[in-house]
Amino acid sequence: MSIKAIRGTKDILPSEVNTWTFIENVARCLFCQYGFDEIRTPIFEKTELFLSGIGEGSDIVQKEMYTFEDPKKNRITLRPEGTAPVIRAFLENHLPQMGALHKLFYLGPMFRYERPQKGRMRQFYQIGAEVLGVKAPLLDVDMMIFVHHFLKELGILNVTLKVNTLGSREDKIAYQNNLKDFLSAKKTHLCKDCQVRYEKNVLRVLDCSNQNCSSIVKEMTPLSEIIGPERREYFETVCLYLDKAGVPYEKDLYLVRGLDYYTDTVFEFLCSSLGAQNAIAAGGRYDNLVQTLGGKETPAFGFACGLERLILSLPEDFNLSQSRTGVYWIFLEDKARQSFFSRVQWMREKGWKAEMSYEDRSLKSQMRYADKNNFEWIFIIGQKELEEGKFQVKNLETHVEMDLREDELSHWLQRFENKDE
RNA sequence: GUGGGUGUAGCUCAGUGGUAGAGUGCUAGAUUGUGGCUCUAGUUGUCGCGGGUUCGAACCCCGUCACCCACCCCA
């Protein structure tokens, strides 16, 4: 096979797809409990949406976007994240006029041109949510409670929640300038990467893993301590609610997020079993983005979880138990097939899972197939049964065998109907 | 974009210059009509690709591609 899947993409095979749908179903179910509605946006958008939405200085825009021209020369980008498209859809479809509070969730593939590694793909899947129209500490906390609940539901327990506040946009800009002034004298002592960060995005120097850099940065008062009293109080209330909710967390005064639009509360759930890409879910408040994208000033809070990373973090013993269901019809000769294949369809229309042997193969191999595919029952029809006008029925779980006349079939189905739901 | 590791059967891997291997899977059989466990047999190869060295290369050398891990960044 010479044509292979594109670097950083992968097939989700039948053997793993159950895990995916399981996680998706848990998410949908919880979102419903928390009062969220689903929104689906296109997977590509005009490039400019992401330029103004994510910020031109961000790494995503600088080097990670799949951008191309369509035949009419429009600049198009495969969505690298879900927030900007959701806001675009929110504004374009006049949702602000439909009420003050909007709780939306989405689920689907995102695209970033990065070097693949553990927990990082070029096409990857996110489950995310955005709440528009509310600025309240309790909402911020409710979103973290949601993620905490979601992870717990999936059995992912070895997680750490880190929270911080970035203050208002003005606080952030003022602090960026302070930081630049502060670092300008010590610039030569910073690592090579940080010297680039100094020019491009100073805030990122804060969470540099280089020890030298972090010790330099620690001499400077953290952003969260110089922001206005109103914002500080807001953040303290967030922490208070987290305490009361019993959600364990750590304040990380140097936590900075990579997307430019965040203000005030930001958070990250880290998972210890993930490797280097250990952020399993992250998000925060972005009170200026709606306005940036042409709407009225609207407070907003959002987060996203990486589905591949959720799957990597699933407990070792995670196992979707599949119970046996349905009937596999084994026809041992063509005459049996001709007489009874329509009965298979008849069962399906009554809501049963039913399959049949399409061609003559040994009984043994057909039973293996039925067993491997988790059927609960097999019906065997061969020469003997045709002559005697009945089927042989076997339960693959209990090994019980019995005979069944065709006129008893309806009654038999009724008896076991509930088992197949 | 940078660094390290790995490419051999469908899968997991052994094999360091002399005939291409194991386990697992798959197929069939072990009372010619009864699954899982066991046993037996069969089955699959461009040894990533291209070049070079050699009487001879899966193995050594050069190049290249892919995958994995890490840096960067992010979910």
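In what follows, chains are A, B, ... by sequence order, proteins preceding strands, each numbered from 1. Small disclaimer: the values here were computed from a predicted structure and weren't measured.
A:Gln366 comes within contact range of no nucleotide atom at all, as no heavy-atom separation falls under 4.0 Å. Nucleic acid contact for A:Ala304: sugar-phosphate only, since backbone atoms but no base atoms lie under 4.0 Å from a heavy atom of the residue. Backbone-only engagement by A:Ser365 is indicated by non-hydrogen atom pairs under 4.0 Å involving sugar-phosphate atoms exclusively. Residue A:Lys384 is classed as a base contact, given a heavy-atom separation below 4.0 Å to a base. Here A:Arg257 lies in heavy-atom contact (under 4.0 Å) with sugar-phosphate atoms only. Counting any heavy atom pair closer than 4.0 Å across all strands shown, A:Gln62 reaches no nucleic acid atom. Note on A:Arg122: nothing from the nucleic acid sits closer than 4.0 angstrom, heavy atoms only. Within the 4.0 angstrom heavy-atom criterion, only backbone atoms of the sugar-phosphate kind lie near A:Glu64; the bases stay farther away. Contacts of A:Leu259 with the nucleic acid, taken as non-hydrogen atoms under 4.0 Å apart, involve only primed sugar atoms and P, OP1 or OP2. Here A:Gly283 lies out of heavy-atom contact (under 4.0 Å) with every strand.
Spacing of P atoms, B:G50 relative to B:A66, comes out at 16 Å, to the nearest Å. Across the P atoms, B:G25 and B:G52 are found 43 Å apart, a figure rounded to whole Å. Spacing between B:G10 and B:U27 at atom C1', rounded to whole Å, works out to 14 Å. Across the P atoms, B:A9 and B:G1 are found 29 Å apart, a figure rounded to whole Å. Comparing B:C68 with B:C55, their P atoms sit 41 Å apart, to the nearest whole Å. B:A70 sits 27 Å from B:G63 when the P atoms are compared, rounded to a whole Å.
If you check distances only, the side chain of A:Arg120 never reaches the base of B:C69 with a donor-acceptor pair under 3.5 Å. A donor-acceptor contact under 3.5 Å is not formed by the side chain of A:Gln126 with the base of B:C74. A donor-acceptor contact under 3.5 angstrom links the side-chain atoms of A:Lys394 to the base of B:U34.
In this structure, of B:C67, B:G33, B:A70, it is B:A70 that holds the atom nearest to the side chain of A:Lys118. Distance from the side chain of A:Arg204 is smallest for B:C73 among the nucleotides B:C73, B:A75, B:C26. Of the candidates B:A75, B:A70, B:A28, B:A75 carries the atom nearest the A:Ala279 side chain, counting heavy atoms from C-beta on. Which of B:G35, B:C73, B:G33 sits closest to the side chain of A:Leu363 comes down to B:G33. Closest to the side chain of A:Arg115, from the set B:G1, B:G33, B:A75, is B:G1.
Phosphate contact (OP1/OP2 of B:A70, side-chain N/O of A:Gln117, threshold under 4.0 Å): present. In terms of phosphate contacts, A:Lys4 brings no side-chain nitrogen or oxygen within less than 4.0 Å of OP1 or OP2 of B:C65.
Mapped onto RNA chain B by nearest heavy atom, A:Ala282 and A:Leu332 fall at different nucleotides, with A:Leu332 at the one closer to the 5' end.
Residues A:Arg169 and A:Asp287 are not paired through a salt bridge, judged by the lack of any N-O separation under 4.0 Å between the basic side chain and the carboxylate. Using a cutoff of 4.0 Å between basic side-chain nitrogens and carboxylate oxygens, A:Lys162 and A:Asp252 are scored as salt-bridged. Remark: A:Arg337 engages A:Asp334 in a salt bridge, criterion side-chain N to carboxylate O under 4.0 Å. Using a 4.0 Å cut-off between charged side-chain N and carboxylate O, A:Arg88 and A:Glu45 make a salt bridge.
Ring geometry for A:Tyr369 versus A:Tyr328: interplanar angle of 30 to 60°, hence tilted.
The CD-C1' distance, from A:Glu81 to B:C73, rounds to 15 Å in whole Å.
Base-pair partner of B:A28: B:U40 (Watson-Crick or G-U wobble, both distances under 3.5 Å).
A cation-pi contact, defined as under 6.0 Å to the ring centre and within 45° of the axis, is absent between A:Lys63 and A:Tyr113.
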For a side-chain hydrogen bond (donor to acceptor under 3.5 Å, both in side chains) check, start with the C-alpha distance between A:Thr67 and A:Thr77, then their side-chain angles and the critical distance, and finish with the verdict. CA-CA 4 Å; A:Thr67 297; A:Thr77 295; 2.8 Å; yes
